[in-house]
Amino acid sequence: MQLLKGKHIVLGITGSIAAYKACTLIRLLIKAGAEVQVVITPAGKEFITPLTLSTLTGKPVVSEFFDRRDGSWHSHVDLGQWADLMLVAPASASTIAKMAHGVADNMLITTYLSMKAPVMLAPAMDLDMYAHPATQANLDILRGYGNIVIEAASGELASHLVGKGRMEEPETILRHVIHKLATTNELAGRRILITAGPTYERLDPVRYIGNFSTGKMGLALAEACALRGAEVQLVAGPVQLATFHPNIHRTNVESAQQMYEAATQLFPTCEAAILCAAVADFTPASCADEKIKRKGPISLALEPTHDIAAALGQMKTASQRLVGFALETQNEMGNAREKLTRKNLDLIVLNTLRDEGAGFGHDTNKVTILTPNGQQAFPLKSKAEVAHDIISSLCDILD
Ligand code: C5P
């Protein structure tokens, strides 16, 4: 999904071993639809060649104030006006210091000082350099100027020391860029509850009853709502995926009961809820204190859980909207319509395991969106795109 389509990004690269990750970052930015213009410091060129970078961006790399062959001038002022965002990644300690104090001795810093667009930087350096009060004070100065600092991550560094100083991964930097450039205000001021992922129902201290949901669809929905400016209350079952958008407030739960408690508590504060979680329909009548031993066949007594969708359907006020999911394997339309009515939903998103690439674990999904009066079938798409289709349908019916 080209969330950065038509956006112009000046990518500043400095002298750090993490400069090699700039290649992946450029590819991700371009894949998301952005145009990228690299400005590199003299030290940056020691780590990565302009040829590699210009091949990836399709644009000559800017590094000098003028072209030595013909004397033509590289205008940092023009770059400052062209850009929708300046991203310095990796940002070395030296470049951070120069940015903070306006030491304009290379093209990257002059470009920074003339920048009209927001500036983001992803520091990369040794752990002691990063922790040094001078570096931290310089980062504070830059934050004070309104620049966005993507904190360094912890892990193994080029020095083989382990600590905080690694440049954040390109995928995470891309997320920050998308949040900055692609967040709209269509849903600004709205609060939306989303349930996501599976639930685990404990049998004993080491076992549970679960399902194959990964939470990908629910988290894509949370991200899509946040990108449209909504405040998202995400209630997630055991899901291994991270959420990044600052508008997403996440409550992690394990069981259907915990998900029910969190969802019923949050729903009255929200204008809509999207119930994407694959909630267990049954839970063991009791959880054994000790590990259940293997001795012959056993039978488990199971009790029904709360149907969260149905409970919220009963709580729903005239101004609230409720979206459910139906994952079916047979009589898809009939079952989905029956759930729409029985659970008092306004929309139901149907997907079937009979469609290849749809359902648990895939990065794609194929859905039909049903309302009480109609239905619309969509082709196979990425879960991010499906999420935007669902949110668009929700926007149409919001009070
Ligand atoms: O009845 P079924 O489980 O197929 O309904 C699916 C819809 O109901 C989904 O939106 C799911 O999140 C929701 N659901 C729920 N609580 C349950 C079971 C399902 O919220 N205990």
Side-chain angles (χ1 to χ4, degrees), residues 192-202 208-222 224-225 232-239 251-268 270 272-285 302-316 320-355 358-360 365 367-372 375 383 386-387 389-391 393-394 397:
I192 299 186
L193 167 68
I194 297 178
T195 64
T199 61
Y200 287 177
E201 308 303 317
R202 286 178 185 240
Y208 60 83
I209 299 175
N211 59 64
F212 295 117
S213 169
T214 55
K216 281 182 186 168
M217 190 66 241
L219 267 60
L221 281 161
C225 282
V232 178
Q233 289 290 355
L234 173 68
V235 180
V239 166
T251 307
N252 289 321
V253 297
E254 183 182 278
S255 65
Q257 177 64 25
Q258 289 167 353
M259 189 173 275
Y260 169 79
E261 284 165 16
T264 48
Q265 195 201 332
L266 288 164
F267 187 51
C270 296
I274 307 175
L275 304 164
C276 188
V279 187
D281 288 325
F282 297 95
T283 191
L302 300 176
E303 289 176 343
T305 55
H306 289 288
D307 187 327
I308 302 168
L312 301 191
Q314 285 192 348
M315 290 167 66
K316 194 173 76 169
Q320 286 179 305
R321 300 289 175 267
L322 207 50
V323 180
F325 273 71
L327 176 61
E328 303 295 335
T329 55
Q330 57 176 345
N331 183 22
E332 291 87 347
M333 284 295 175
N335 284 336
R337 284 231 165 267
E338 183 273 326
K339 279 175 198 170
L340 183 75
T341 316
R342 176 168 48 88
K343 301 192 187 205
N344 194 21
L345 307 173
D346 300 286
L347 285 181
I348 193 155
V349 183
L350 166 65
N351 52 6
T352 159
L353 288 185
R354 280 203 267 191
D355 283 326
F360 293 140
N365 206 355
V367 303
T368 302
I369 299 180
L370 289 85
T371 59
Q375 65 194 55
K383 284 189 171 167
V386 172
D389 290 337
I390 295 168
I391 305 305
S393 301
L394 173 62
I397 58 162

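Residue numbers start at 1 and run along the sequence shown. As the structure lists them, so they are numbered: ligands from 1, and atoms in each ligand from 1. All values below were derived from every heavy atom in this structure, side-chain atoms included, with hydrogens, water molecules and symmetry-related copies excluded.
Using a 4.5 Å cut-off on side-chain heavy atoms (C-beta onward), Pro198 and Val239 make contact. Using a 4.5 Å cut-off on side-chain heavy atoms (C-beta onward), Ile369 and Ile390 make contact.
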Just list the N/O pairs, ligand 1 to protein, that are under 3.5 Å apart, with the distance for each.
unit_1: ligand 1; atom_1: 1 (O); unit_2: Lys343; atom_2: NZ; d: 2.9
unit_1: ligand 1; atom_1: 4 (O); unit_2: Lys339; atom_2: NZ; d: 2.5
unit_1: ligand 1; atom_1: 5 (O); unit_2: Lys343; atom_2: NZ; d: 2.9
unit_1: ligand 1; atom_1: 8 (O); unit_2: Lys343; atom_2: NZ; d: 3.0
unit_1: ligand 1; atom_1: 10 (O); unit_2: Leu275; atom_2: O; d: 2.6
unit_1: ligand 1; atom_1: 10 (O); unit_2: Phe325; atom_2: N; d: 2.7
unit_1: ligand 1; atom_1: 10 (O); unit_2: Phe325; atom_2: O; d: 3.4
unit_1: ligand 1; atom_1: 12 (O); unit_2: Leu275; atom_2: O; d: 3.1
unit_1: ligand 1; atom_1: 12 (O); unit_2: Ala277; atom_2: O; d: 2.7
unit_1: ligand 1; atom_1: 16 (N); unit_2: Ile308; atom_2: N; d: 3.0
unit_1: ligand 1; atom_1: 20 (O); unit_2: Ala309; atom_2: N; d: 2.9
unit_1: ligand 1; atom_1: 21 (N); unit_2: His306; atom_2: O; d: 2.8

Show every donor-acceptor pair shorter than 3.5 Å between a side-chain atom in residues 307-315 and any protein atom, with sequence neighbours excluded, or say none if there are none.
unit_1: Asp307; atom_1: OD1; unit_2: Ala309; atom_2: N; d: 3.1
unit_1: Asp307; atom_1: OD1; unit_2: Ala310; atom_2: N; d: 3.1
unit_1: Asp307; atom_1: OD1; unit_2: Lys343; atom_2: NZ; d: 3.4
unit_1: Asp307; atom_1: OD2; unit_2: Lys343; atom_2: NZ; d: 2.8

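Partners of Glu261 under the salt bridge (Lys or Arg N to Asp or Glu O under 4.0 Å) rule, at least two apart in sequence or in another chain, do not exist in this structure. Ser255 is linked by a side-chain hydrogen bond (donor to acceptor under 3.5 Å, both in side chains) to nothing, counting only residues two or more places apart in sequence or in another chain.
The distance from atom CG of Leu327 to atom CZ of Phe212, rounded to the nearest 0.5 Å, is 12.0 Å.
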